[in-house]
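Computed from a predicted model, the values in this text were never measured in an experiment.
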Amino acid sequence: MGTLIRNSNPAFLGIDIGSTTVKAVVLDGTDNLLWKRYQRHNAKQPELVLSFLQAIEAAFPDRPFRIFCTGNGGRTIAPLVQGIHIQEVNAVTYAVERMYPNAGSVVELGGQDSKVIIWKTDSTGRKSTISYMNDKCASGTGATIDKIFSKIDIDHGTAAAIRLRNQTVHHVAAKCGVFAETDVVGLLKAGVDKEEIVVSLCTAIVKQNLEVLLHGNVLKDDVLLLGGPHTLLKVLADIWQRAIPETWEIHGFKPRTIAPTNEQIYVPEDAEYFAAMGAVLFGRENADLVSQTLDSPSHLTKLYAGTSELREYIGEGRLRQLEASGAVRKGLVNSDEEVEGFAAEFAVPSFQPPPIPTGTR
């Protein structure tokens, strides 16, 4: 695409390029949400970002943009689209503080990571945050859910309709995706109902994140449940609403207000887009801080100029980077002739029995 015509106030594009999905939003100067999209990239992050940009250009043909990227693919793709990369915990934290200032904590489940953010207030009234992130293992994340759903042959639409009732909860070891899969296969062979397996898996994921991510802290109300899995699977919220009050009772924690549990622990609107929206809000309103991470502060005022660099990266640039890093290497041989020559040179000689003269032993 060529350079866009610049004849109106700029809009702001936030792109969250995650391990399994890409989420994008377009905000105007007063933070109105003009456009949004959420889609799996199937290991083709740049290609899906290109598709999103083409859709946005078509929807806003004469509007200039400034772009902010986040997520594990954001650092690579940001410079290719004249964008600024924002660290995802900062993006999520800022979005929550702007849109839900009374929030006490956040649990976000992604495709292959999970994170917890907790707000604390000291004796002077000054607020601060502590955050923990599991980005080294996919256990307790959307990837585990996807793999198990494939194993038990249940589609996401069917799973999305499941709610927590009085189903029997079976043991599933969610601390490792492989262990979880092994337990689920055993349940499947034993004839356990698929709905019970889904509830058991989601219960294990909730307990896994409570045990691993909190580090002895308490999730304070209001608790926002963010990310694609929370948005798509209502049963996860049901289980959090049962499990978190149990931890409050154990720790002697009293919520700030008396309200129904589903008003203290809930999935907010557009929960899957918080990182994308937060990238815009944080980047736009913290220019001095962001500029410290850039080679040139002028990048902050760069406008989106089309997809030519991204296209070049998809076509050739990505392969050049892999070759330069040594990730792409030549094979041991380059032709069938080399294979035949190698086989001939190192072939084991056929056995020739020694001659035995007549009359000898």
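- The aromatic rings of Y38 and Y273 sit perpendicular, their planes meeting at an angle over 60°, well past the 30° parallel limit.
- Side-chain contact between L201 and F149: present, with at least one pair of heavy atoms (C-beta onward) separated by less than 4.5 Å.
- Between the side chains of H156 and D146, at least one donor-acceptor pair of N or O atoms lies under 3.5 Å.
- S105 contributes no side-chain N or O that, together with a main-chain N or O of I118, makes up a donor-acceptor pair within less than 3.5 Å.
- A salt bridge is defined here as a Lys NZ or Arg NE, NH1 or NH2 lying under 4.0 Å from an Asp or Glu carboxylate O, and R165 with E195 meets this definition.
- Taking the six-membered ring where the residue is Trp, W248 and F253 present tilted rings, their angle falling between 30° and 60°.
- Across all non-hydrogen atoms, the minimal contact from I117 to S131 is CG1-CB, 4.1 Å.
- Counted by atom type alone, E47 and H41 present zero donor-acceptor pairs between their side chains at under 3.5 Å.
- Under a 4.0 Å N-O distance rule, the pair K127/E97 does not qualify as a salt bridge.
- Defined by atom type and a distance below 3.5 Å, a donor-acceptor pair is present between the side-chain atoms of N72 and Q45.
- If you check the side chains of T158 and D155, you find a donor sitting under 3.5 Å from an acceptor.
- Crowding of R75 atom CZ: a count of heavy atoms from other residues, nucleotides or ligands under 6.0 Å not exceeding 12.
- Remark: K254 NZ is loosely packed, at most 12 non-hydrogen atoms of other residues, nucleotides or ligands lying under 6.0 Å away.
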Listing, residues 340-352 side-chain donor-acceptor contacts under 3.5 Å, not counting sequence neighbours, or none:
none

Query - Chi angles and distances behind the salt bridge (Lys or Arg N to Asp or Glu O under 4.0 Å) call for E272, K23 - result: CA-CA 8 Å; E272 68 271 46; K23 289 77 65 179; over 6 Å; no
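- Between the side chains of S114 and N209, at least one donor-acceptor pair of N or O atoms lies under 3.5 Å.
- Cation-pi contact between R284 and F68: absent, since separation from the ring centre below 6.0 Å together with deviation from the ring axis within 45° is not met.
- For R242, the salt bridge (charged side-chain N to carboxylate O under 4.0 Å, His left out) test picks out no residue, with sequence neighbours left out.
- Around atom NZ of K194, more than 12 heavy atoms belonging to other residues, nucleotides or ligands sit under 6.0 Å away.
- In summary, R98 and E285 engage in a salt bridge, as defined by a charged side-chain N under 4.0 Å from a carboxylate O.
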